[in-house]
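Convention: sequence-line order gives letters A, B, ...; per-chain numbering from 1. Both backbone and side-chain heavy atoms feed into the values below; hydrogens, waters and symmetry mates do not.
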There are 2 protein chains.
Amino acid sequence: MSFFTETPVTSSDKTFYLLRKALVEGEIKPGAKLSEVELSTKYEVSRAIVREAINRLESCNLVERKPNVGARVVTLTHEGLIELYQVREALEGMAARLAAQNMSDQEIADLQALLNIHGEDVQKRGSYYQEAGDVDFHYRIIVGSKNDHLISMLQNGIYHLVRMYRVQLGMEGPRVTTAFDEHLNIVRAIANRDPELAEILMRRHITYSKRNIGNKLNAQSSV
Amino acid sequence: MSFFTETPVTSSDKTFYLLRKALVEGEIKPGAKLSEVELSTKYEVSRAIVREAINRLESCNLVERKPNVGARVVTLTHEGLIELYQVREALEGMAARLAAQNMSDQEIADLQALLNIHGEDVQKRGSYYQEAGDVDFHYRIIVGSKNDHLISMLQNGIYHLVRMYRVQLGMEGPRVTTAFDEHLNIVRAIANRDPELAEILMRRHITYSKRNIGNKLNAQSSV
DNA sequence: GAGGACTATATTGTCGACAAATCTAGATTG
DNA sequence: CAATCTAGATTTGTCGACAATATAGTCCTC
């Protein structure tokens, strides 16, 4: 976990990170109510801290809040997931386009090296190219866009919600090798400094995984 | 102003809206420090309220905050504006695509009616197709996408920042008629239920206005 | 027995005060 | 004279208490 080194500086930060983890990993269930007093005793901080943390969770789209009523963990729905992936497609497609323009040669070389390692893993163990690797790949391209707005929107806006869906719906499944090939092609387009192609390929890649996840959901719910 | 009817329910809401207005319209200048005590006396609320409002402004990308130091109004730069429009292009392009799929026939008819009115204004007065009209047009397509994530990101994430740029850099200029034709074509694509074309046209439209604004900025700074 | 008004309770919203961190300015030392 | 250290002042972070609002349950009326 080289990236995403968020170090809590204030007590509110820490509570925010803890709560976010609890939500993403399903320790606190979707739809559950977030009681300020309850959480403040649980995490041993004042209500003001919890309150600020909840506000931040709302900014991340992880909770929904109603004035004078309270906050609830978002519920995960099939439609919600599709909508989320539509936004991902738009933003990460643009990220790939910009990465093809703005990534340094060194960054591209590093990204290719990373993919080589993943490729060996895929060949050897036939798998292990999961979450972490996938996240790392996408993360590098996002950062490679060099667009701070884009980076912030993906990181704070949808990244953790995507993770919440993946973790709680058990999406760490296969789709390994094909996804790897798609990654390969995206990097190739970036290395060729071909923004249009990079965007198209990234959008397809995300569309595919959306479809893949959708199928899984249908299979699950029809069992 | 039919849309955007944000009614403050809590005191914190009200302060947030007031502060946001002050920032967008430049009453509080870019780069200025936001002192919690100062603002709390000015708006006659407690520091906690101001604090919460500032947190929300941070979520809107209107202020930047450093722990234990404080919050500052964002500074407006040429690069920042370009980055912002890149995000807009991605998100509103997707919005147009989805609108072509999801808007009801009635909504499309209303949108066409709106454009007709604008068209008459353009012909008669040669102008008046400014801010409000443009905002209304884009807003309807965003909402027409029926994608809540997308809507929220555009409304809370970048809309007000775009407005801040426009107001403070005096961007309510011409580019009336061409922009109107572009709007016309976008609506036509939506009415034809042609998602791909709607997205392409919307992205071009935003690219054009980005270029237009960029030219203005260069002209300004070189004077 | 159903529906509505009222009361009691619990939860969120707001406030002022204290603690901790940062910044400022003056003093000290090399 | 420059750089560093220190003490004071200012600002943000945190807390517990009070006020206002929503919720749940009870009682009354029809």
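- For the pair A:Asn55 CG and D:dG13 C1', the interatomic distance rounds to 16 Å; values are reported in whole Å.
- Under the salt bridge (charged side-chain N to carboxylate O under 4.0 Å, His left out) criterion, B:Arg88 pairs with B:Glu92, sequence neighbours left out.
- One finds a side-chain N or O of A:Lys33 lying less than 4.0 angstrom from the OP1 or OP2 phosphate oxygen of C:dT12.
- B:Leu34 places its CG atom 13 Å from the P atom of D:dT11, with the value rounded to the nearest Å.
- Applying the side chain to side chain donor-acceptor pair (under 3.5 Å) test to A:Thr75 and every residue at least two apart in sequence or in another chain returns nothing.
- Every side chain to side chain donor-acceptor pair (under 3.5 Å) that B:Ser59 has, sequence neighbours left out, goes to A:Ser59.
- To the nearest angstrom, P of C:dT22 lies 12 Å from NZ of B:Lys66.
- Side-chain contact of A:His118 with A:Asp136: a donor-acceptor pair under 3.5 Å is absent, judged by distance alone.
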B/S/- contact track for nucleotides 14-21 of chain C, protein heavy atom under 4.0 Å: BB-B---S
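- B:His149 meets the ring pair (Phe, Tyr, Trp, His ring centres under 6.0 Å) test with no other residue; sequence neighbours excluded.
- In this structure, the CG atom of A:Leu39 is 13 Å from the C1' atom of C:dT11, given to the nearest Å.
- Not a single side chain to side chain donor-acceptor pair (under 3.5 Å) links A:Arg72 to another residue, sequence neighbours left out.
- Within the 4.0 angstrom heavy-atom criterion, no nucleotide atom of any strand lies near A:Ile54.
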B:Val74 and B:Asn61: CA distance, side-chain angles, deciding distance, side-chain contact (heavy atoms from CB on, under 4.5 Å) verdict: CA-CA 8 Å; B:Val74 294; B:Asn61 302 305; 5.8 Å; no
Which pairs would a plain distance check flag for residues 26-41 of chain A, meaning a side-chain donor or acceptor within less than 3.5 Å of a matching protein atom at least two apart in sequence or in another chain?
residue: A:Lys29; atom: NZ; partner: A:Gly26; partner atom: O; Å: 3.2
residue: A:Ser35; atom: OG; partner: A:Glu38; partner atom: N; Å: 3.3
residue: A:Glu36; atom: OE1; partner: A:Arg47; partner atom: NE; Å: 2.9
residue: A:Glu36; atom: OE1; partner: A:Arg47; partner atom: NH2; Å: 3.0
residue: A:Glu36; atom: OE2; partner: A:Arg51; partner atom: NH1; Å: 3.0
residue: A:Glu36; atom: OE2; partner: A:Arg65; partner atom: NH2; Å: 3.2
residue: A:Ser40; atom: OG; partner: A:Glu36; partner atom: O; Å: 3.4
residue: A:Ser40; atom: OG; partner: A:Val37; partner atom: O; Å: 2.7
residue: A:Thr41; atom: OG1; partner: A:Val37; partner atom: O; Å: 3.4
residue: A:Thr41; atom: OG1; partner: A:Glu38; partner atom: O; Å: 2.6

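- Distance, A:Arg56 CZ to D:dG13 C1': 12 Å, rounded to whole Å.
- In the helix from C:dG1-D:dC30 to C:dG30-D:dC1, the end axes, each obtained as the rotation axis mapping the C1' atoms of four pairs onto the next four within a five-pair block, lie 10° apart to the nearest 10 degrees.
- By the side chain to side chain donor-acceptor pair (under 3.5 Å) test, A:Ser104 pairs with A:Glu107, sequence neighbours left out.
- Residues B:Val69 and A:Glu36 each lie close to DNA chain C; by heavy-atom proximity, the contact nearer the 5' end of the strand is made by A:Glu36.
- Atom NZ of A:Lys14 and atom P of D:dG13 are 17 Å apart (whole Å).
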